[in-house]
Amino acid sequence: MVVSTRVPPDRARLDRPALVALLLGLAGVGYRLVLTLLTVPAANSDEATFGLAAMHIAAGREHPVFLYGQHYMGMVESYLAAPLVALAGPGWPVLRLPLVALYALFLWLSYRLSRRLYRPWFATFTVGLLALGTERVVRDQLTVVGGRPEGKPMVLAILLIAVGLAQRRGRWRRPGWRRAAAGLAGWCAGAALWSDWLLAPYLAVACLLLLYAARRELRGWPGLLLVAGFAVGVAPLVWDNLVAPPGADSWSVLRQLSAGTGPTPPLVDRVRGGLLTGVPLATGLCPVTGCARRQEWFGVLYPALLVAAAGLALVGYRRTAGRPTAARVRPVAQLALLAGAALTLLSYVRSPPAATDPLANARYLAVLQISLPAVLWPLWLAAVACWRGTVGMVGRLVGAGATAVLAGLTATALVATGLFLTALDAPRADQRRARELADAVRRTGLREVYGDYWTCNRLIFDTGERVVCAVLDGQLTPGQNRYRPYWRQVERAERPGYVLPVDSPAERRLRGLLGDRADPARLVEVAGYRVYHPASAVRPWR
């Protein structure tokens with residue numbers, strides 16, 4: 001009897017590029033897992049709001065569509081964390097663990113798509129770059145602030161499904177597999193749109209690619225499942241907007257936010273903020289405090305790389321003229337990646353925050369990681385041609401320059417990641433102070449307190465809702481209270497406490513209102529805060 005030793009296509013062994021990519025990917029996931037267990041980067045009240053929503057979902061108390069107090073940021077991450085919170089209780093590592101899984105999925109999909117569209121070793125190189133991460137990069141990947149961690153793998157899944165449906169290799173020949181893939185692509189598009197409108201440019205080009213690549217495949221059941229999947233994914237967004245009061249729907253809120261206040265900064269300032277600060281920060285070349293001149297070079301080069309990559313893709317498209325869609329889908333998918341990056345960058349530089357606060361708003365360019373392989377492909381192609389000796393003198397000079405750019409990009413990202421790892425004491429100390437504050441407030445026996453925005457929800461999450469906090473501004477008047485039941489509960493308290501940063505405007509205002517009763521009302525000072533418990537409530541807004 002003869003036994004076949006042929007490995008089935010779906011279970012083929014890893015070749016050398018895939019094995020190296022796997023090792024690099026495991027290193028990237030392990031790095032982020034350690035940071036998650038250390039709660040680095042440090043948490044804040046925005047993230048705590050997602051954590052509180054996860055607690056409410058786990059308990060069956062709430063089923064929010066958007067972040068409390070907003071009408072445009074979806075709650076996918078809270079729903080993903082809710083089962084873990086129900087099982088293990090509230091905690092920052094528990095809240096962030098699903099994001100580590102989403103990062104691993106993003107890395108795997110990025111490798112699969114890069115290998116399909118380009119070359120195996122280039123896909124491995126891309127995984128290596130994506131495995132690195134400065135504070136700005138890992139903050140976007142590991143902190144539960146909505147949209148980007150889940151949106152990036154969703155976009156990549158749609159692109160990969162479009163290419164698979166067009167090429168029809170292996171399992172893609174099975175009708176059941178194609179129908180399931182079409183339904184999954186539709187759901188990813190709808191869920192990503194609900195999760196974060198920032199993904200709209202990428203979703204638009206990904207869906208256009210899907211319609212181009214699989215226009216014949218989507219006839220009949222696959223097309224119906226695509227539409228059904230999209231309807232299911234986007235249903236929370238549609239329902240909430242249908243019942244929202246006038247002016248409170250997502251589109252109206254986003255228009256108000258994009259309009260901003262005050263005069264629009266000059267275009268040159270917005271472009272400078274987007275390219276010289278936003279792109280290097282989002283790529284992981286700079287510390288979160290800002291980019292030095294020597295770290296801005298990739299932002300200057302980025303538009304040129306987009307143009308060069310688009311030219312290569314167009315040449316590839318022309319060379320496949322007259323051939324089936326399966327042969328033409330690669331250059332079209334490359335163009336889709338480039339168009340997504342270009343539209344995202346153009347949308348960003350149109351907004352005033354690109355100039356007024358480029359450091360804080362560089363997070364909106366985190367989605368550019370989706371297009372990193374497409375942007376770097378011209379450099380890789382030139383470098384390989386140079387080292388293989390298949391080009392003339394000019395080509396060798398260009399290839400040597402491309403090699404230097406790739407080496408410089410890798411070295412800069414490595415150094416920036418290393419510098420971040422040497423500065424973990426600050427975020428860990430911040431997290432430790434927040435824990436000390438929560439423990440101190442609990443020991444006082446206070447149940448209802450007032451505080452500022454960056455204290456309240458973090459304090460509530462750190463105490464597992466054993467302490468409820470309502471937000472006041474610097475004048476001790478109502479501030480940004482995202483979850484109104486907390487405000488109402490503290491308002492009903494006959495004798496609430498006050499948790500205020502030392503010598504902050506709010507503390508000075510409270511001491512002024514208390515007068516001689518201020519020192520007797522002070523219970524404890526800890527972690528840069530003072531906790532007060534006056535004999536009677538101080539509510540000047542009444």
Side-chain angles (χ1 to χ4, degrees), residues 32-33 35-39 41-105 141-151 153-154 187 190-192 194-196 232-237 239-240 243 431 434-435 437-439 441-442 447-449 453 455-471 481-490:
R32 283 155 179 82
L33 181 60
L35 292 179
T36 296
L37 297 177
L38 295 175
T39 316
N44 59 39
S45 274
D46 281 346
E47 186 176 14
T49 307
F50 282 89
L52 293 170
M55 291 173 59
H56 300 164
I57 294 166
R61 291 163 49 190
E62 301 277 0
H63 296 90
V65 172
F66 294 115
L67 180 64
Y68 294 143
Q70 290 184 352
H71 289 278
Y72 60 91
M73 183 64 72
M75 301 297 283
V76 172
E77 293 169 20
S78 293
Y79 282 95
L80 290 176
L84 293 179
V85 171
L87 185 66
W92 298 107
V94 172
L95 184 64
R96 293 180 176 183
L97 276 176
L99 300 195
V100 178
L102 286 172
Y103 166 76
L105 180 61
Q141 294 168 344
L142 298 182
T143 55
V144 184
V145 291
R148 295 175 291 279
E150 68 271 22
M154 289 177 182
W187 180 84
W194 163 42
S195 183
D196 193 349
V232 171
V234 82
L237 168 68
W239 171 254
D240 192 88
V243 300
Q431 197 64 32
R435 185 73 258 173
L437 176 64
D439 293 341
V441 174
R442 285 189 61 191
R447 182 72 177 83
E448 292 91 8
V449 300
Y453 177 77
T455 302
C456 268
N457 280 8
R458 191 176 182 181
L459 176 62
I460 300 170
F461 187 75
D462 279 334
T463 61
E465 288 191 313
R466 294 178 182 87
V467 176
V468 174
C469 184
V471 178
N481 287 277
R482 290 190 177 276
Y483 189 61
R484 298 301 297 180
Y486 292 150
W487 172 263
R488 290 193 290 267
Q489 181 175 337
V490 180

Rounded distance [0.5 Å steps], CZ in R32 versus CG in L102: 13.0 Å

Output the distance between atom CG (D240) and atom OH (Y72), rounded to the nearest 0.5 Å. 13.5 Å

Exercise: identify the closest heavy-atom pair between A82 and A54: CB-O, 3.7 Å

Which heavy atom of V94 sits nearest a heavy atom of V85, and at what distance? CG1-N, 3.8 Å

Approximate separation, where rounding is to 0.5 Å, of M73 CE and S195 OG: 7.5 Å

From Y483 OH over to N457 CG, what is the distance, rounded to the nearest 0.5 angstrom? 11.0 Å

With the side chain counted from C-beta on, respond yes when V471 and Y486 share a heavy-atom pair under 4.5 Å apart, and no when they do not. no

Taking C-beta and beyond as the side chain, do Q141 and L99 meet within less than 4.5 Å on heavy atoms? no

Going by side chain to side chain contact (heavy atoms under 4.5 Å, CB included), T455 matches just one of L437, I460, V449. Which one? L437

Find out whether H56 and P64 are in side-chain contact, i.e. whether some heavy atom of one side chain is under 4.5 Å from a heavy atom of the other. no

Roughly how far apart are F50 CZ and S45 OG, rounded to 0.5 Å? 13.0 Å

Grab the two heavy atoms, one from T463 and one from A438, that are nearest each other, plus how far apart they are. CG2-CB, 3.8 Å

Nearest heavy-atom neighbours spanning A86 and A58: CB-CB, 3.7 Å

Keeping the roles fixed (side chain from T36, backbone from P93), state whether a donor-acceptor pair exists under 3.5 Å. no

How about W187: does its CH2 atom have over 12 heavy atoms from other parts shown lying under 6.0 Å from it? no

By side chain to side chain donor-acceptor pair (under 3.5 Å), which residues pair with W92, not counting sequence neighbours? D462

Are any non-hydrogen side-chain atoms of D46 and R482 less than 4.5 angstrom apart? yes

Is there a side-chain contact between M75 and H63, using heavy atoms and a 4.5 Å cut-off? no

Are any non-hydrogen side-chain atoms of T49 and F461 less than 4.5 angstrom apart? no

I need the full list of salt bridge (charged side-chain N to carboxylate O under 4.0 Å, His left out) pairs touching residues 58-68, with sequence neighbours left out, sorted by first then second residue. R61-E465

Shortest non-hydrogen pair, P98 vs L80, comes out as CG-O, 3.9 Å

Nearest 0.5 angstrom please: E150 CD to W194 CH2, how far? 9.0 Å

Report yes or no: does R447 contribute a side-chain atom to a donor-acceptor pair with the main-chain N or O of R466 at less than 3.5 Å? yes

Within the 4.5 Å heavy-atom criterion, are L142 and L35 side-chain neighbours or not? yes

What's the shortest heavy-atom distance between E47 and N44, and which atoms? N-OD1, 3.0 Å

Can a donor-acceptor pair be found, under 3.5 Å and without considering hydrogens, that links the side chain of E77 to the backbone of G146? yes

